[in-house]
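Because only heavy atoms are used, hydrogens play no part in the values below, and waters and symmetry mates are left out as well, while side chains stay in. Just so we're clear, the structure is a prediction, and the values are computed from it rather than from any experiment. In what follows, every chain begins at residue 1, and chains take the letters A, B, ... in the order their sequences are listed.
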Amino acid sequence: MIRPRTAPGTLELLPTEQIAFQRMLDVIRSGYERFGFLPIETPAYELTDVLLTKTGGETERQVYFVQSTGSLEKSAAQEEPGLPELALRFDLTVPLARYVAEHEHQLTFPFRRYQMQRVYRGERPQKGRYREFYQCDIDIIGKDGLSPRHDAECPAVIHTIFTDLDIGPFTIQLNNRKLMRGFFEDLGITDGEHQVSVLREVDKLDKRGADAVRETLVGEALGLTEQAADAVLALVAVRSTSHADALGHLDRVLAESTGSEVLATGVAELREVLTVLRDLGVPESDYALNLSIARGLDYYTGTVYETTLDDHPEIGSVCSGGRYDDLAGQYTKSKLPGVGLSIGLTRLFWQLREVGLVGTAESTVQVLVPQLDEAYLPQCLALATDLRQGGINTEVVLDGGKLGKQLRYADRAGIRFVAIVGEQEVAADTVTIKDLRRQDQFTVARDEVVPAVRVELAQPLDVPHED
RNA sequence: GUGGGUGUAGCUCAGCAGGUAGAGCGCCGCGUUGUGGUCGCGGAUGUCGCGGGUUCAAGUCCCGUCACUCACCCCA
């Protein structure tokens with residue numbers, strides 16, 4: 001026998017967990033739609049040459065390729081097989097770029113889309129990190145230009161969603177790559193790659209601590225002077241405590257600049273983003289300036305975001321993204337700037353479960369009709385039909401058995417209500433409704449069952465469902 | 001790609017200096033032929049990852065191998 005098991009790096013859930021996961025997807029989807037974003041889906045795999053436009057680097061090492069048996073045999077027979085024709089997407093941004101370039105003339109700009117699909121990365125699995133996982137993205141793509149106001153709208157959507165998810169207080173942290181780049185220029189660090197390396201190191205501040213980061217900064221690879229390293233560390237220590245405080249920090253950074261235009265632009269952009277964010281009604285306690293946010297990805301050019309849960313900083317960023325100048329440069333001559341954010345839902349779900357913020361959900365089955373006596377099965381089936389026509393998700397026990405067992409089945413399956421039709425009920429033309437969670441039951445007239453169950457379902461239960 | 005760790009029941013793990021395998025949880029049954037989750041009693045379950053070696057004897061020691069896992073790189 002072959003031991004049944006999932007491939008490493010995949011997350012598979014039991015039904016009641018899956019329902020909890022689906023509920024989160026529903027919240028995210030409705031949040032995206034409420035802000036006027038349109039849905040798209042793209043294929044799980046893309047043509048390799050389309051997907052891997054930038055050769056080399058980390059991403060290619062992590063790409064899963066797709067091959068039919070036919071093409072596998074064909075390539076095995078070749079001297080130098082080369083890469084397979086198809087590859088699984090490793091994020092949703094590259095497919096979006098392709099999509100926008102391909103359908104450019106049928107889309108209206110700014111193009112606001114959301115996309116919630118699985119992506120694949122062939123990296124070494126790690127705690128809470130998966131090789132197949134959901135990304136829930138929103139992006140706004142402009143043509144030729146896109147005002148920084150859009151950079152404020154994206155986090156406003158995220159604010160709504162994380163509020164609705166009800167997983168405790170959170171903070172959307174903002175920074176701007178131009179501000180950072182300009183700051184580096186002032187320090188004489190002008191090479192783009194060098195800046196990125198420094199940013200990447202600075203991004204580890206929370207993880208490694210200021211001393212370790214400082215050591216690396218002045219080390220051989222990055223080669224900063226002591227003064228430069230101190231200046232960088234002082235800058236990235238900036239965290240705002242309120243809207244006014246954030247603007248104050250920005251004024252100071254600008255005043256201390258030795259004249260970088262890029263820095264001035266970055267400061268101006270951040271100021272506008274913060275202001276629009278406030279005007280959109282996002283409470284100032286829920287966003288902050290954090291000048292250590294860098295984001296590893298090199299394609300970000302302006303605003304960058306990370307979102308953290310206030311009560312669980314150890315989880316790290318649960319939603320991140322930023323602004324990029326040119327989404328689809330590899331696919332089209334059109335200039336398509338964009339801004340977007342992504343929720344890595346698989347990882348988030350796993351982490352929330354670890355810290356006990358999400359558990360299993362109640363079953364999608366709202367009422368179970370047990371079968372006490374085969375003689376009354378027709379009455380049970382008729383009851384189920386009535387409940388279903390009343391819009392109530394109903395399951396009937398078709399196999400029978402002891403009532404105790406059927407109740408245990410309901411309990412384990414996370415079904416809260418049981419509608420019993422036995423000898424007594426048939427004789428009196430009634431139904432007994434049992435609430436397994438409240439450990440309570442009552443009897444109603446047969447023709448009042450549907451409204452009675454509706455009333456029960458409408459009452460929220462403050463006792464959470466045990467795992 | 002680099003560096004650690006671990007493989008024993010469905011799950012989490014214990015198993016002493018080598019002497020033919022254990023706990024908790026879960027599962028099944030009964031107590032309760034119309035009442036689950038609680039409680040009580042009873043029960044089932046193992047090629048001790050795989051291959052070789054040492055030994056009278058290996059879950060335990062040695063070698064190899066495979067798998068899994070944690071961290072780094074990178075990132076959701």
Side-chain angles (χ1 to χ4, degrees), chain A residues 1 3-9 11 14 28 57-63 89-93 116-137 158 196-197 200-201 203-204 207-208 212 216 221 294-300 305-308 315-322 340-352 368 370-373 376 397 400-427 431-441 443 463 465-467:
Chain A
M1 288 224 286
R3 190 166 69 89
R5 62 215 193 277
T6 59
L11 178 70
L14 293 171
I28 295 168
E58 278 304 311
T59 38
E60 188 160 356
R61 210 180 77 193
Q62 302 182 337
V63 168
R89 58 170 171 236
F90 50 85
D91 71 9
L92 298 178
T93 307
M116 312 196 297
Q117 293 191 274
R118 290 195 246 217
V119 304
Y120 301 85
R121 286 186 201 174
E123 62 184 338
R124 270 245 182 19
Q126 243 178 96
K127 196 172 193 165
R129 303 200 31 200
Y130 295 90
R131 304 209 277 198
E132 176 189 73
F133 59 95
Y134 269 90
Q135 283 199 330
C136 306
D137 281 29
I158 295 304
V196 169
S197 304
R200 199 168 277 162
E201 188 52 36
D203 206 24
K204 292 176 195 159
K207 208 168 178 180
R208 299 189 56 203
T216 310
R295 301 274 75 222
L297 291 173
D298 12 327
Y299 57 71
Y300 292 127
Y305 320 94
E306 279 192 5
T307 305
T308 50
I315 286 180
S317 176
V318 294
C319 170
S320 50
L341 272 162
S342 176
I343 302 173
L345 188 60
T346 304
R347 179 172 162 78
L348 175 61
F349 181 80
W350 184 89
Q351 286 169 319
L352 291 176
L368 181 78
Q371 182 188 325
L372 259 77
D373 186 333
Y376 304 116
V397 176
K402 282 193 195 168
L403 179 61
K405 276 195 175 181
Q406 299 184 50
L407 289 175
R408 190 167 59 175
Y409 168 83
D411 187 53
R412 284 188 195 176
I415 303 168
R416 183 173 158 193
F417 292 100
V418 167
I420 302 169
V421 180
E423 192 179 356
Q424 298 158 25
E425 286 80 6
V426 171
V431 173
T432 299
I433 309 290
K434 182 176 172 72
D435 182 337
L436 293 190
R437 221 43 97 3
R438 285 213 178 108
Q439 309 177 49
D440 190 23
Q441 67 182 56
T443 298
V463 188
H465 182 201
E466 292 295 316
D467 278 354

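Of the candidates G34(B), U33(B), C73(B), the closest approach to any side-chain atom of Lys204(A) belongs to C73(B). Distance from the side chain of Ile420(A) is smallest to G34(B) among G34(B), G37(B), A76(B). Ranking G29(B), C74(B), G34(B) by closeness to the Gln62(A) side chain, first place goes to C74(B). Taking the side chain of Lys405(A) as heavy atoms from C-beta on, and the options G29(B), G36(B), U35(B), the nearest nucleotide is G29(B). Closest to the Tyr130(A) side chain, of the nucleotides C30(B), G36(B), A76(B), is A76(B). Side-chain proximity of Gln439(A) to U35(B), G36(B), C72(B): nearest is G36(B). Set against C75(B), U35(B), G36(B), the side chain of Arg121(A) has C75(B) as its closest nucleotide.
In Tyr376(A), the OH atom is crowded: over 12 heavy atoms of neighbouring residues, nucleotides or ligands sit closer than 6.0 Å. Atom CD of Glu423(A) has 12 or fewer neighbouring heavy atoms from other residues, nucleotides or ligands inside a 6.0 Å radius.
Pro370(A) comes within 4.0 angstrom of no nucleic acid atom, judged by non-hydrogen atoms across all strands. As judged by a 4.0 angstrom heavy-atom cut-off over every strand, Gly422(A) is placed among the base-contacting residues. Nucleic acid contact class of Gln351(A) (heavy atoms, under 4.0 Å, all strands): none.
Thr432(A) and Glu425(A) form a side-chain donor-acceptor contact under 3.5 Å, judged by distance and modelled atom types alone. Under the 3.5 Å distance criterion, with hydrogens and angles disregarded, no donor-acceptor pair is assigned to the side chains of Thr346(A) and Arg118(A).
Between the side chain of Gln406(A) and the base of U35(B) there is no donor-acceptor pair of N/O atoms closer than 3.5 Å. Under 3.5 Å, the side chain of Asp411(A) and the base of G37(B) form no donor-acceptor pair of N or O atoms. At a cut-off of 3.5 angstrom, counting only N and O atoms as typed in the model, there is a donor on one side and an acceptor on the other between the side-chain of Lys434(A) and the base of U35(B).
Ring stacking is absent between Tyr409(A) and G36(B), as the pair misses the limits of under 5.5 Å between centres and under 30 degrees between planes.
Of the side-chain N and O atoms in Arg412(A), none sit less than 4.0 angstrom from OP1 or OP2 of G26(B). Between Lys127(A) and C75(B) there is no side-chain N or O to OP1 or OP2 distance below 4.0 Å. OP1 and OP2 of A76(B) both lie 4.0 Å or more from every side-chain N or O belonging to Gln135(A). For the OP1/OP2 pair of G34(B) and a distance below 4.0 Å, the side-chain nitrogens and oxygens of Gln424(A) include no atom meeting the criterion. Residue Arg129(A) places no side-chain N or O under 4.0 Å from the OP1 or OP2 atom of U69(B).
Helical stems in RNA chain B, defined as runs of 3 or more consecutive Watson-Crick or G-U wobble pairs with donor-acceptor distances under 3.5 Å: B:1-7 with B:66-72, B:10-13 with B:22-25, B:27-31 with B:39-43, B:49-53 with B:61-65.
Glu123(A) meets the salt bridge (Lys or Arg N to Asp or Glu O under 4.0 Å) test with Arg129(A); sequence neighbours excluded.
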### Query
How does each nucleotide of nucleotides 7-12 of chain B score, in 5' to 3' order, for protein heavy atoms under 4.0 Å: base (B), sugar-phosphate only (S), or none (-)?
------
